[in-house]
Colleague: 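Encoded as C-alpha cells, here's the structure I'll be asking about.
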Number of protein chains: 2
Amino acid sequence: MSQTAALAARVPSDSAKLPELAKAGTYRRILEESLMLFAQRGYHGTSVRDIASAVGVQIAAVYVHFPSKGHVLAELCRIGHEEHQRALRAALLDAGSSPADQLSALVRAHVRLHAEYAMLATVANYELHALPEELAGATLALRKQSEALLIEICERGVAQKKFKTPDVVITAAAIGAMGMRVAQWYRPELGKSIDEIANVHAELALRMFTAR
Amino acid sequence: MSQTAALAARVPSDSAKLPELAKAGTYRRILEESLMLFAQRGYHGTSVRDIASAVGVQIAAVYVHFPSKGHVLAELCRIGHEEHQRALRAALLDAGSSPADQLSALVRAHVRLHAEYAMLATVANYELHALPEELAGATLALRKQSEALLIEICERGVAQKKFKTPDVVITAAAIGAMGMRVAQWYRPELGKSIDEIANVHAELALRMFTAR
DNA sequence: GTCTATACTATGATAGAC
DNA sequence: GTCTATCATAGTATAGAC
C-alpha cells in the first residue's frame with residue numbers, strides 16, 4: 001500500500017528500537033522495518049511489498065525468513081511483551097518488600113518501557129488483535145502474567161491496609177492505562193527525561209491509593 | 001476480508017451504538033455496520049464488501065451514500081468526537097465553579113462516554129490515523145478543543161493552589177488515558193454500573209492532584 | 001436507490017533459476 | 001539467500017440497466 005499521507009501520527013517516536021536479539025542480518029532488518037511500518041500504518045495497512053521495499057529486498061526474500069506476514073507481527077508482539085515482562089520482573093527484584101515500593105518500581109519500569117520502546121509497545125498493544133489465535137497465544141499468555149503482577153501488588157497493598165481505594169481493579173486498570181499511553185505522546189523533544197516521566201507516574205499511582 | 005478468527009477482542013462491547021442522528025435508512029445502517037466492523041477488525045482489516053454484506057446490500061449501494069470507505073470512517077470519527085465534546089461541555093455547564101467540581105464532572109462525562117459508546121470511541125480514537133489529512137481535519141480540531149478543556153481546568157486548579165502536582169501536563173494526560181481505556185475493558189457483565197466506574201475515575205483524578 | 005457486471009489495481013504467497 | 005516471474009484472489013471503485 002503506497003498509502004495517502006498519514007495525518008495523526010500514532011507514535012511520535014521515530015525509532016524502531018528492538019531489544020537485543022541474537023539474530024542479525026535480513027531477519028532482523030525485516031523485524032525493524034515492519035515495526036516501523038506497522039506502528040505508522042497498522043498491520044493491515046502495510047503490505048509485504050512495503051516491508052520488502054523498506055528492507056531493500058524482493059518480496060520472495062521476506063518469505064525465506066518468515067512463513068507469512070502474520071508471523072512477523074506475531075514475533076514483534078511476542079518480543080515486545082517479553083521485554084515488558086522482563087523489565088517488570090527486574091524492577092521488582094530491585095524493589096523492597098513494601099507494596100508502595102513495589103508499585104513504584106513496577107510503574108516506573110512500565111512507563112520506561114513504553115517511552116523507550118514506543119513503537120514496539122504500540123504494535124504489541126494495538127495490532128495484536130489482527131492475529132489469529134494460534135499466532136497470538138504466546139503473547140496473550142505473557143500479557144496475562146504481567147497484568148497479574150500489577151494486580152497482586154495492588155491487592156497486597158490493600159490487604160495490608162497501606163492502599164486505600166474504592167475499587168482495586170479499576171485503579172489497577174487506570175495505572176496500567178496511563179503508562180501505556182506514554183508511548184502515544186512521549187518524544188525526546190518535550191524536554192522531559194524518561195526517568196522524570198516515570199517518576200511522576202509512580203507518584204500518581206501512589207496517590208491513587210491514598211485517601212484524600 | 002473474510003478474516004481469520006479475531007482473538008483478542010479490541011472491544012468487549014457488542015453494541016455499535018451511535019448518538020441520535022437525523023438520517024436513517026441505508027446511510028445509517030452503513031455507519032452502524034461499519035462501526036462494528038472497524039471496531040473489531042480495524043479500518044484496513046475491513047473491506048467495502050464486508051460492509052455491504054453486513055448491511056445486506058451490494059457494494060455499489062454503499063457508494064451511493066458515501067464517496068469512499070474513507071468517508072465512512074471520517075464520519076464515524078467526527079460523530080464520536082462531536083458527541084464526546086458535547087458530553088464534556090454539558091457536564092461543565094452543570095458543574096460548580098471550583099476546579100475540583102469541574103474536574104470531577106469532566107472525568108465522569110469522559111468515562112461515561114467511553115463506556116456507553118465503547119465501539120465508537122475505539123474507532124474514533126484508534127482508527128483516525130488511517131485517514132488522509134483532508135478527511136481527518138474536522139475530527140482533529142474537535143480533539144484539540146476537548147484536550148484544551150481538560151488542560152485548562154487542571155491548570156486553573158494548580159493556579160488556585162487547589163491542585164498539587166509534580167507535572168500538570170503529565171497528570172492531565174494520565175487522566176485522559178485512564179478514561180479512554182475504559183472502552184477497552186468495560187462490559188455490563190462486570191456487574192459495575194457505568195456511573196460507579198465514572199465516579200471511581202473522578203475520585204482517582206482528584207487524588208492525582210492531592211499531595212500525599 | 002439498488003442491482004449486475006466489470007475495470008483495474010494491489011495483495012499474499014509460491015516456483016524455479018542463480 | 002536472493003532474484004525474476006507468476007498465480008490466484010481480493011481490493012476499491014464505476015458504468016449502466018431497472
Side-chain angles (χ1 to χ4, degrees), chain A residues 1-6 21-35 37-38 40-77 123 127 129-136, chain B residues 1-6 21-35 37-38 40-77 127 129-132 134-136:
Chain A
M1 294 188 179
S2 39
Q3 179 104 350
T4 39
L21 292 172
K23 298 219 185 187
T26 301
Y27 177 91
R28 193 193 166 98
R29 295 265 299 121
I30 291 170
L31 286 178
E32 287 168 346
E33 296 297 337
S34 299
L35 172 54
L37 289 163
F38 292 166
Q40 290 167 346
R41 311 176 182 179
Y43 173 74
H44 286 302
T46 303
S47 70
V48 180
R49 267 176 179 74
D50 293 334
I51 297 169
S53 154
V55 173
V57 296
Q58 293 302 311
I59 298 179
V62 173
Y63 286 94
V64 168
H65 301 280
F66 294 89
S68 78
K69 186 174 80 158
H71 284 80
V72 180
L73 175 59
E75 183 62 2
L76 287 171
C77 291
V123 169
E127 297 297 325
H129 71 93
L131 288 178
E133 281 194 65
E134 64 272 20
L135 283 177
Chain B
M1 294 189 181
S2 40
Q3 178 106 349
T4 40
L21 292 172
K23 298 219 185 187
T26 300
Y27 177 92
R28 193 192 166 99
R29 295 263 300 119
I30 290 170
L31 285 178
E32 286 168 346
E33 295 298 336
S34 298
L35 173 54
L37 288 164
F38 291 166
Q40 289 167 347
R41 312 176 180 179
Y43 173 75
H44 286 302
T46 303
S47 68
V48 179
R49 258 178 184 76
D50 293 333
I51 297 169
S53 154
V55 173
V57 295
Q58 293 302 311
I59 298 179
V62 173
Y63 286 95
V64 169
H65 301 281
F66 294 90
S68 78
K69 188 175 77 158
H71 285 79
V72 180
L73 174 59
E75 183 63 1
L76 287 170
C77 291
E127 297 298 325
H129 72 92
L131 288 179
E134 63 272 22
L135 283 178

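Quick caveat, the model's predicted, so the values are computed rather than measured. Chain letters run A, B, ... following the sequence lines, proteins first and then strands; every chain starts at 1.
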Colleague: Does D/dT4 have its OP1 or OP2 closer than 4.0 Å to a side-chain nitrogen or oxygen of A/Q58?
Modeller: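 So the side-chain polar atoms of A/Q58 do come within 4.0 Å of the phosphate oxygens OP1 or OP2 of D/dT4, strictly under.
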
Colleague: Give the nucleotide from the list D/dG1, C/dT14, C/dG1 with an atom nearest to the side chain of A/A60.
Modeller: C/dT14

Colleague: Using the rule given for side-chain contact (heavy atoms from CB on, under 4.5 Å), can you reason through A/I59 versus A/I51, listing the C-alpha separation, both sets of side-chain angles and the distance that settles it, and then say yes or no?
Modeller: CA-CA 8 Å; A/I59 298 179; A/I51 297 169; over 6 Å; no

Colleague: Grab the CD1-C1' distance between A/I30 and D/dT2 for me, whole Å please.
Modeller: 11 Å

Colleague: Round to a whole Å and report the spacing from CD1 of A/I59 to C1' of C/dT14.
Modeller: 11 Å

Colleague: Out of D/dT2, D/dT12, C/dT14, which nucleotide sits closest to the side chain of A/H65?
Modeller: D/dT2

Colleague: The test is side-chain contact (heavy atoms from CB on, under 4.5 Å); show your working for A/Y43 and A/V123 and say whether it passes.
Modeller: CA-CA 8 Å; A/Y43 173 74; A/V123 169; over 6 Å; no

Colleague: Please verify the inter-ring angle class for A/F66 with A/Y27; under 30° counts as parallel, over 60° as perpendicular, anything in between as tilted.
Modeller: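 Because their plane-to-plane angle is under 30°, the rings of A/F66 and A/Y27 count as parallel.
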
Colleague: Is a side-chain N or O of A/K69 found less than 3.5 angstrom from the main chain of A/T46, in a donor-acceptor match?
Modeller: yes

Colleague: Could you give the CZ-to-P distance, from A/F66 to D/dT2, as a whole number of Å?
Modeller: 12 Å

Colleague: To the nearest Å, how far apart are A/K69 NZ and D/dA10 C1'?
Modeller: 13 Å

Colleague: Select from A/Y43 and B/V57 the residue whose nearest nucleotide in DNA chain C is closer to the 5' end of that strand.
Modeller: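 Its nearest nucleotide being more 5', the pick is B/V57.
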
Colleague: What integer distance in Å separates A/Y27:OH from D/dT2:P?
Modeller: 14 Å

Colleague: For A/V64, which contact category applies under a 4.0 Å heavy-atom criterion: base, sugar-phosphate, or nothing?
Modeller: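 It contacts base atoms.
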
Colleague: Side-chain N or O of B/T26 less than 4.0 angstrom from OP1 or OP2 on C/dT2?
Modeller: yes

Colleague: Given atom OH of B/Y63 and atom P of C/dA7, what is their separation to the nearest angstrom?
Modeller: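 From B/Y63 OH to C/dA7 P: 17 Å.
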
Colleague: What is the distance, rounded to the nearest whole Å, between atom CZ of B/R41 and atom P of D/dA10?
Modeller: 13 Å

Colleague: Taking atom types as modelled and ignoring hydrogens, do the side chains of A/S47 and A/D50 form a donor-acceptor contact shorter than 3.5 angstrom?
Modeller: yes

Colleague: Using whole Å, what does the distance between atom P of nucleotide C/dT11 and atom CZ of B/R49 come to?
Modeller: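 After rounding, the gap between these two atoms is 15 Å.
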
